[in-house]
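Worksheet: the structure to be examined is printed underneath.
Every heavy atom of this structure was used, including side-chain atoms; hydrogens, water molecules and symmetry mates were not.
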Amino acid sequence: MTNALYSATSTAWGGRDGRVASSDNRLDLQLSMPKGLGGDDGPGTNPEQLFATGYAACFHSALKAVARGRKIDVKDSAVSVTVSLGQADGGLGLSTRIEAQVPGLDRAVAQELLAAAHEMCPYSRATRGNVPAEVVLVDEE
């Protein structure tokens, strides 16, 4: 990357059972270890939730940008990202599932928008080839 448009810094204390805060103090959260990882499932968040949240927001922004460029209205769309932590090649690894609702669009058009958003999204680009990602168009619930 040649010219950073924005940088964010956060610091962690205590690992998965500690605290994280951004340098501007807009984010200051307690962390808790999920039961599935041997923790007490306390009231705090965890790194996978934080990653899923950032990825969902970024992917949705990419979807909106692609749609705007094609003059397609996706104002009622939503994106959910599930980040899973599990065994991978003798250690721990991540996988992602990106689910998008794009109401009112032909499925083929919606699929095209999702594919283009997956190419554009910085999170998708950063994890491509390293973190398995499944992109799924889901129906309205």
Side-chain angles (χ1 to χ4, degrees), residues 1-105 107-141:
M1 182 170 49
T2 58
N3 184 21
L5 300 175
Y6 174 75
S7 296
T9 301
S10 286
T11 302
W13 299 270
R16 287 181 169 274
D17 286 318
R19 181 178 144 245
V20 292
S22 60
S23 60
D24 62 6
N25 293 314
R26 289 182 185 188
L27 183 72
D28 191 337
L29 301 169
Q30 289 301 125
L31 300 176
S32 297
M33 180 89 74
K35 277 190 180 177
L37 297 176
D40 65 0
D41 215 18
T45 189
N46 61 64
E48 292 72 33
Q49 288 175 328
L50 294 169
F51 184 59
T53 300
Y55 202 160
C58 189
F59 194 95
H60 198 218
S61 290
L63 174 63
K64 289 171 57 178
V66 168
R68 187 172 44 254
R70 298 181 187 185
K71 296 183 179 10
I72 298 172
D73 181 6
V74 294
K75 71 176 182 233
D76 294 326
S77 61
V79 173
S80 298
V81 173
T82 301
V83 173
S84 299
L85 177 68
Q87 296 294 324
D89 299 325
L92 293 176
L94 298 174
S95 65
T96 60
R97 178 180 169 93
I98 302 158
E99 294 182 348
Q101 290 180 2
V102 190
L105 282 187
R107 285 190 73 78
V109 172
Q111 293 282 16
E112 287 176 23
L113 292 178
L114 292 180
H118 193 44
E119 289 299 313
M120 174 188 277
C121 174
Y123 276 65
S124 294
R125 292 170 53 98
T127 59
R128 187 168 290 121
N130 188 40
V131 175
E134 181 182 13
V135 180
V136 180
L137 176 63
V138 295
D139 295 323
E140 295 179 64
E141 296 178 10

message = Checking Y55 against S124: is there a side-chain donor and acceptor pair closer than 3.5 Å?
response =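 Yes, side-chain donor-acceptor contact under 3.5 Å.
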
request  = To the nearest 0.5 Å, tell me how far L105 CG sits from L113 CG.
outcome  =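 Those atoms lie 6.5 Å apart.
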
Short N-O contact, D139 and R107, less than 4.0 angstrom =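 Looking at D139 and R107, the cut-off is met.
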
inquiry  = Assess whether a salt bridge exists between D28 and R19, defined as any Lys/Arg side-chain N lying under 4.0 Å from an Asp/Glu carboxylate O.
reply    = yes

When you compare the side chain of [Y] with that of [X], does any pair of heavy atoms fall below 4.5 Å?
X    : Y    : answer
I98  : V136 : no
E134 : E99  : no
F51  : T127 : yes
L50  : L29  : yes
R97  : V81  : no
S10  : V20  : no
R16  : L31  : no

If you compare all heavy atoms of [X] against all heavy atoms of [Y], which two are closest, and at what distance to 0.1 Å?
X    : Y    : answer
C121 : C58  : SG-SG, 3.5 Å
N46  : S32  : CB-O, 3.8 Å
E119 : R128 : CA-NH2, 3.6 Å
L114 : F59  : O-CZ, 3.7 Å
A110 : L137 : CB-CD2, 3.7 Å
M120 : A65  : SD-CB, 4.0 Å

Check whether [X] reaches the backbone of [Y] with its side chain - one donor and one acceptor, N or O, closer than 3.5 Å.
X   : Y    : answer
T45 : Q49  : no
D17 : M33  : yes
T96 : P132 : yes
S77 : V102 : no

key: Test side-chain contact (heavy atoms from CB on, under 4.5 Å) applied to E112 and R70, step by step   = CA-CA 11 Å; E112 287 176 23; R70 298 181 187 185; 4.0 Å; yes

key: Derivation of the side-chain contact (heavy atoms from CB on, under 4.5 Å) call for K35 and D40   = CA-CA 5 Å; K35 277 190 180 177; D40 65 0; over 6 Å; no

